[in-house]
Amino acid sequence: MAASTNSFLVGNNTQIPALKPKSTSQSLLHLSKPNTVNFAGKTKPVAVRCVASTTQVQDGVRSGSVGSQERVFNFAAGPATLPENVLLKAQADLYNWRGSGMSVMEMSHRGKEFLSIIQKAESDLRQLLEIPQEYSVLFLQGGATTQFAALPLNLCKSDDTVDFVVTGSWGDKAVKEAKKYCKTNVIWSGKSEKYTKVPSFEELEQTLHAKYLHICANETIHGVEFKDYPVPKNPDGFLVADMSSNFCSKPVDVSKFGVIYGGAQKNVGPSGVTIVIIRKDLIGNAQDITPVMLDYKIHDENSSLYNTPPCFGIYMCGLVFEDLLEQGGLKEVERKNQRKADLLYNAIEESKGFFRCPVEKSVRSLMNVPFTLEKSELEAEFIKEAAKEKMVQLKGHRSVGGMRASIYNAMPLAGVEKLVAFMKDFQAKHA
């Protein structure tokens, strides 16, 4: 008996139908380890032939159901939703990566198989961001929080001054860590206005001899995003940006920065990978107290393989980079992100105060949309009812409350459309 694309054969050629997919727009092979099935109390071996899974394509982002369990729309700030086709590729190769006889999780990080993975990931990232050759790309660990210490340790001496523009909680944390290793000067902070704006660059009173100027390009918690970037007044200084939550969400002129860094778990992969893009002439001047694992020179000289890196996480980032290139690059990605953000912000504005976003309109994030309800006592019900509709992780950060919808690259337009429809329905019931 021939097996259909929606079934698998057991050891005695009994055909077991799989769940009927909702669409046939795309099929990917699911490979699994041989298992057993029980018939009338007797255990028989199962030889898996194939199972078709389907996804639906919408505005370049796949959505739909996989297997027997529908996926939710996950609005988490990070770890966050990943492209469904990326997950399916990883699933197909999980047990045996491209005929190597092993999973990526089992590979030696110095073997030819993993070397091909990390080298292609770097090459694709360079293509996406048009990274100049005079910059190194490092795949590290420890999250952006570890870079709060690594940056001053590598880039300045203990008596050097670093300027900070603080537009949210993460910028504030960067200052607190940096002051252990250098002199810090907060030249502007939005704390008194509850982090709802970005300053005019002309009003910034920069330190003329500051080693570098640090910003957080997109504040995940408060939803504030730089739409342009300040220029250091020190001709020998440079700009450093934490781009954790808007990394690869739009084109960026890398040459404007000395260092770009960020955790991967928002937009380009799972948790565990930290990406640092650094101008090569800034490498090699670490303070003597710098731990070896925080020394950029060590990682650059060893091509991010000084010790065992987060291999599977880097592999997943590579799949995401491939996907972004297949979508048409970051200009196309930005167009889609702008469309999603406009849809959600317009719904908030059109609610006539029932929903409110506190962030100044000109600097509202395309990635993280915080909002509150006019009747704050309804917020818990909003989150609970949304979860029933398979929209999860909408609760705002514990430090600010309210709600927050993180609509990263991998959030399909359908997810935002569903959220907006739910918001309108919720307002109709409770206004």
Side-chain angles (χ1 to χ4, degrees), residues 107-158 160 162 174 177-178 181-182 211-214 217 232 236-244 247-248 252-264 268-269 272-318 320-321:
M107 293 176 179
S108 166
H109 62 291
R110 304 196 189 282
K112 63 180 182 181
E113 294 87 359
F114 184 71
L115 287 179
S116 71
I117 289 172
I118 193 171
Q119 288 167 2
K120 186 176 187 305
E122 178 179 337
S123 176
D124 286 349
L125 179 58
R126 284 185 176 277
Q127 184 179 345
L128 273 171
L129 284 169
E130 301 180 358
I131 301 173
Q133 286 303 309
E134 58 266 27
Y135 286 76
S136 289
V137 175
L138 308 177
F139 294 99
L140 307 177
Q141 303 181 63
T145 302
T146 298
Q147 296 307 307
F148 296 164
L151 288 161
L153 283 169
N154 280 272
L155 302 177
C156 56
K157 304 304 180 186
S158 59
D160 285 336
V162 175
E177 188 69 5
Y181 309 107
C182 66
K211 194 70 176 181
Y212 61 88
L213 172 61
H214 182 280
D236 296 321
F238 48 91
L239 184 61
V240 173
D242 175 357
M243 291 192 179
S244 292
F247 188 71
C248 284
V252 171
D253 184 353
V254 174
S255 66
K256 289 184 176 182
F257 302 84
V259 183
I260 292 171
Y261 69 99
V268 296
V273 180
T274 308
I275 298 171
V276 173
I277 301 170
I278 179 170
R279 217 172 64 204
K280 291 180 179 179
D281 63 299
L282 300 177
I283 298 173
N285 303 301
Q287 296 182 31
D288 292 339
I289 63 170
T290 305
V292 66
M293 286 303 295
L294 298 188
D295 191 333
Y296 294 148
K297 185 172 185 288
I298 294 292
H299 294 293
D300 185 49
E301 289 178 342
N302 289 275
S303 302
S304 302
L305 298 170
Y306 176 73
N307 72 329
T308 307
C311 296
F312 194 79
I314 292 170
Y315 159 71
M316 290 296 293
C317 288
V320 173
F321 299 152

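Note that the structure is predicted; figures quoted are calculated from it, not measured. Computation of the quantities below employed the complete heavy-atom set of this structure, encompassing side-chain atoms and omitting hydrogens, waters and symmetry-equivalent molecules.
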Worksheet item: What are the two closest heavy atoms between Ser304 and Ile118, and how far apart are they?
Response: CB-CD1, 4.2 Å
Item to complete: Could you tell me which residues satisfy ring-ring contact (aromatic ring centres under 6.0 Å, His included) with Phe114, sequence neighbours excluded, listed by chain and number?
Response: none
Practice prompt. Answer whether the closest heavy-atom distance between the side chains of Tyr212 and Phe257 falls below 4.5 Å.
Written response: no
Worksheet item: Quick one: does Lys280's side chain have a donor or acceptor within less than 3.5 Å of a partner on Gln133's backbone?
Response: yes
Fill in: Donor-acceptor pair, side chain of His299 and main chain of Phe139, under 3.5 angstrom
no
Worksheet entry | Non-hydrogen atoms of Lys211 and Val162 that approach each other most closely | CB-CG2, 4.5 Å
Fill in: More than 12 heavy atoms from other groups under 6.0 Å of CD on Glu130
no
Worksheet item: Who passes ring-ring contact (aromatic ring centres under 6.0 Å, His included) against Tyr135, sequence neighbours left out?
Response: none
Fill in: Charged N-O contact under 4.0 Å between Arg279 and Asp281
yes
Item to complete: Examine distances only and state if a side-chain atom of Ser108 and a backbone atom of Arg110 form a donor-acceptor pair shorter than 3.5 Å.
Response: yes
Discussion item. How close do Cys156 and Gln287 get, counting heavy atoms only, and between which atoms?
Written reply: O-NE2, 2.8 Å
Fill in: Enclosure of Asp253 CG (heavy-atom neighbours >12, cutoff 6.0 Å)
yes
Worksheet entry | For Ser136 against Arg126, the heavy-atom pair lying closest together | CA-NH2, 3.9 Å
Worksheet item: Would a 4.5 Å heavy-atom cut-off, applied to side chains only, mark Val240 and Leu155 as touching?
Response: yes
